[in-house]
Each structure stands twice: as C-alpha cells, then as structure tokens.
Number of protein chains: 2
Amino acid sequence: MSIQQSKQGRGRPITTDPAEVGLNALRLFSEQGIDRVTMEQVAAAAGISRSNLFRVFPSKAAVVWGGMHNFTAELAKQLETGEASTVVQLLHRSWVDAMQMADNSLETVRLRLKIIGSSPEVYGWGQGQLDQARLVLENAVIRFGGDALRAKAVSAAMLSASVAILIWWAETDDPRTPSEVLDDGFSDFESLFG
Amino acid sequence: MSIQQSKQGRGRPITTDPAEVGLNALRLFSEQGIDRVTMEQVAAAAGISRSNLFRVFPSKAAVVWGGMHNFTAELAKQLETGEASTVVQLLHRSWVDAMQMADNSLETVRLRLKIIGSSPEVYGWGQGQLDQARLVLENAVIRFGGDALRAKAVSAAMLSASVAILIWWAETDDPRTPSEVLDDGFSDFESLFG
C-alpha cells in the first residue's frame, strides 16, 4: 500500500492511505448510489480535507477505475516476458497473472466491478483505460505474428469477455479470487473451440 | 425498402424513402462531422420537412444505429432455427447469415460503422441495441447447455469481436461484404484455438 504524504503543514506529514480512502468511497457509492454521493461526502467520511482527497482521487471515476492503470502496466510486462507456445496461451496466462494483483484487495475489486456493472455511464468512464489495455493486447498479438484484423478481433473479444466474467464474479459474490475465476472462465471459453 | 406515407395533407401522400434519407444523412455526418450537423440540416438536404424526418428518424442516434434492430431480430431467428453441432458453429453461422441483410446497402453500413468507430459517444448511443443483441446471444448459449457465466463471456466476446471486425472493415474500405469479412474473421479467430 502506498502512502500519500503531504509536504505542506508544519513538518507533521498528513498521511492518507489511498487504498483505505478508496475502499471507504466505494462503500459509500455502493450503499447510497454513486450518483447521490459527492466527493465532499467522500472526504468527510474519510476524515480528510477536500484538497487532500483530490490529490489521491481527482474524481469519482478515479475511485472506481483507479486500479486499472496498474493492471494494464502489469499485463504489458507479463505479455512481454511470458513464455507460451500459442497466442491464446500467452494472453490467457498473462491476463491471469496480472490479475493476481487484485487478489489482495478483494472487497475493493468486487465493489468496483459491481458499480461498473450497474451503470453504463460509470462503465463509460473507463473507456480510455480499457482502450489502453486493448492496445497492449493488440501489440502482443501482432508480435506473435497476427495481422491487424486478428489483433483487433482477439483483443476486443478478450477484453469484453474478461469484463463480463469479472462483473459476473462481483455480482454473484462468487467465492473464488478474480484471477481464479478468470482462469476458469478463459479455460471454459477455450474448451468450446476444442 | 419500406415507404413512409403521411396521411396528412390533401390526399396527396408525401413519400420519404427511409433508406435514402438515412444515407443522405450519413453522408452529411461523414463529410461535416456528426457533431456539426443538425437534424434541420438533414431534413433540408433530403428536401423534406422536419416533422416528416422525425417520423422516420427521431434522432441522429436513430440514423446511425437504425439498422441494428432488424439485424438483432434476424439474428434471433437464425439462432432459433439454425442447425449446428457446436455452439461456436451456431453463433458463427447465425451471425454471418443475419449480416447478409447488410450486403444490399454497403455504403450505408460502411458509413454507419465509420461514424460509430470514430466517436466513443456515438458508439455509446448504441448501448441499448448492443445489449439486445448480447441477450439474444446469451439465450442461445444457454439453450445449447451453457451456464450463465459461459453465456456472458461468449456473448460479450462475440459481440465485441464482431464490432471490431466490422469497424476495421469500414475504416480500411476492405472490398469484401460485411458478411464475408465477418465469416473470415470468425474463422481466423477459431483457428487460433485449434
């Protein structure tokens, strides 16, 4: 967990743990409806000032989609360093391995996905982040010898299937971890073509 | 092509061919940017009144996404009546067969997809229509013995891959018909798992 330290004030650092602030915010969104909660209320619930909150989370979108950037960076690393004999295997393993990051913050991930799944608008806030992940997948397919059309089709399919699997996981309170349910979901998907 | 007939006026029916009005509108959107074109300009370009236009196309979204409803109805029919030994085969064949409707109006389909592909906002206008198609696919997977998770993963993957393939087709001015490029794209996708 990273710690946000303010350099302002009289030498006494103000610390706000982004993970904790984020989880509190997600609980508020989930209980009261994300449309009805203001960032002022999030700050008040966390006992921090509005400006300290905005240093960590500049928007509700940043609270909900906050984990995606790190996930995509990890995914890119796995896709570059992973060994696999087929592109399907490479994408499957890399995605599952990158997703293991989320296994340490189950409640946060589950609340994020429930909120994303409950509102097309909130889903839309993540478009830029999803596009980043899609590009990372497309590049991997092309490095593996695929053409542009294959890269686009496979990456779009994988991204959408993953989001569908994860939202299903969140909504059903499935007891597996996100990486386990993705691993099982991808394997089931692949078995259909066998 | 269906004909919109106004019952108003002095017994002389005002006819506006929706296909022609729609194509004119799409050309305007494509040339000038969809944000800059008003529905008044669309009506003027088609030489019809604003109220006649709104009877055929109540919004820009209806112009761009107008063909999707008929496609989804045809897809549902194909999925219900089609014979196949695997669910992948059923989805593949049904989607391609339903898409053949579009082969008669290539310019319209290409312009629609170019415009959808060029703007996340316009893409978002089709969310409800895409959700309908997704449900139709999910029901077919479940009828074929799949559970809810499989249905969601496969349907999301197929829908996104199809949109990616079709937008690629539109943007590259690929000479094949939409149904041909989908058929080839699905086959390529399936070959990756073989």
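No hydrogens, no waters, no symmetry mates; every other heavy atom, side chains included, goes into these values. Just so it is clear, the model here is predicted, and its values are computed rather than measured.
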Which pairs of donor and acceptor atoms, one on a side chain in residues 69-78 of chain A, lie under 3.5 Å apart (sequence neighbours left out)?
{"unit_1": "A:Thr72", "atom_1": "OG1", "unit_2": "A:Met68", "atom_2": "O", "d": "3.0"}
{"unit_1": "A:Glu74", "atom_1": "OE2", "unit_2": "A:Gln78", "atom_2": "NE2", "d": "2.9"}

| Of all of A:Ile167, A:Val181, A:Val154, which one pairs up most often with chain B through heavy atoms under 4.5 Å apart? | A:Val154
| said: Does B:Glu83, at its CD atom, have more than 12 non-hydrogen atoms belonging to other residues, nucleotides or ligands within less than 6.0 Å? | reply: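 Counting neighbours around CD of B:Glu83, 12 or fewer heavy atoms of other residues, nucleotides or ligands fall under 6.0 Å, so no.
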| In terms of heavy-atom contacts, does CD of A:Gln100 have more than 12 from other residues, nucleotides or ligands at under 6.0 Å? |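 Yes - once you tally the heavy atoms of other residues, nucleotides and ligands closer than 6.0 Å, there are more than 12.
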| Taking all non-hydrogen atoms of both residues, which atom of A:Ala164 and which atom of B:Lys152 are closest, and how far apart? |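 What the structure gives for the nearest pair is CB-O, 3.8 Å.
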| said: Using every non-hydrogen atom in the two residues, find where A:Ala157 and B:Ala161 come nearest and quote the distance to one decimal. | reply: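 Looking at all heavy atoms of both residues, the closest pair is CB-CB, 4.1 Å.
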| task | Indicate if B:Leu135 and B:Met158 have the same hydrophobic cluster label, given that clusters are the connected sets of ILVMFWY residues with side-chain heavy-atom separations under 4.5 angstrom. | result |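 No; B:Met158 is not reachable from B:Leu135 via cluster members.
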| said: Do B:Phe144 and B:Ile142 sit in one hydrophobic cluster, given that two such residues count as connected whenever their side-chain heavy atoms are within less than 4.5 Å of each other, even indirectly? | reply: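 No, B:Phe144 does not connect to B:Ile142 through the hydrophobic network.
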| message | For chain A, which candidate among B:Asp188, B:Leu159, B:Leu149, B:Thr172 shows the most heavy-atom pairs at distances under 4.5 Å? | response |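 Greatest number of close heavy-atom pairs with chain A: B:Leu149.
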| Under a 4.5 Å cut-off applied to non-hydrogen side-chain atoms, are B:Arg134 and A:Ser160 in contact? |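 Side chain of B:Arg134 against side chain of A:Ser160, heavy atoms only: no contact under 4.5 Å found.
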| said: Using a 4.5 Å heavy-atom cutoff, which residues in residues 86-94 of chain A come close to chain B? | reply: A:Val87, A:Val88
| said: So, using salt bridge (Lys or Arg N to Asp or Glu O under 4.0 Å) as the criterion, who are the partners of B:Asp174 when residues are at least two apart? | reply: B:Arg176
| request: Please list all pairs passing the salt bridge (Lys or Arg N to Asp or Glu O under 4.0 Å) test where one or both residues lie in residues 27-39 of chain A, with sequence neighbours left out. | output: A:Arg27-A:Glu107
| With under 30° as parallel and over 60° as perpendicular, where do the rings of A:Phe189 and B:Phe193 fit, or are they tilted in between? |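 Tilted.
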| said: Measuring from atom CD of B:Glu190 to atom CG of A:Leu192, what distance do you get when rounded to the nearest 0.5 angstrom? | reply: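 Interatomic distance, B:Glu190 CD to A:Leu192 CG, rounded to 0.5 Å: 11.0 Å.
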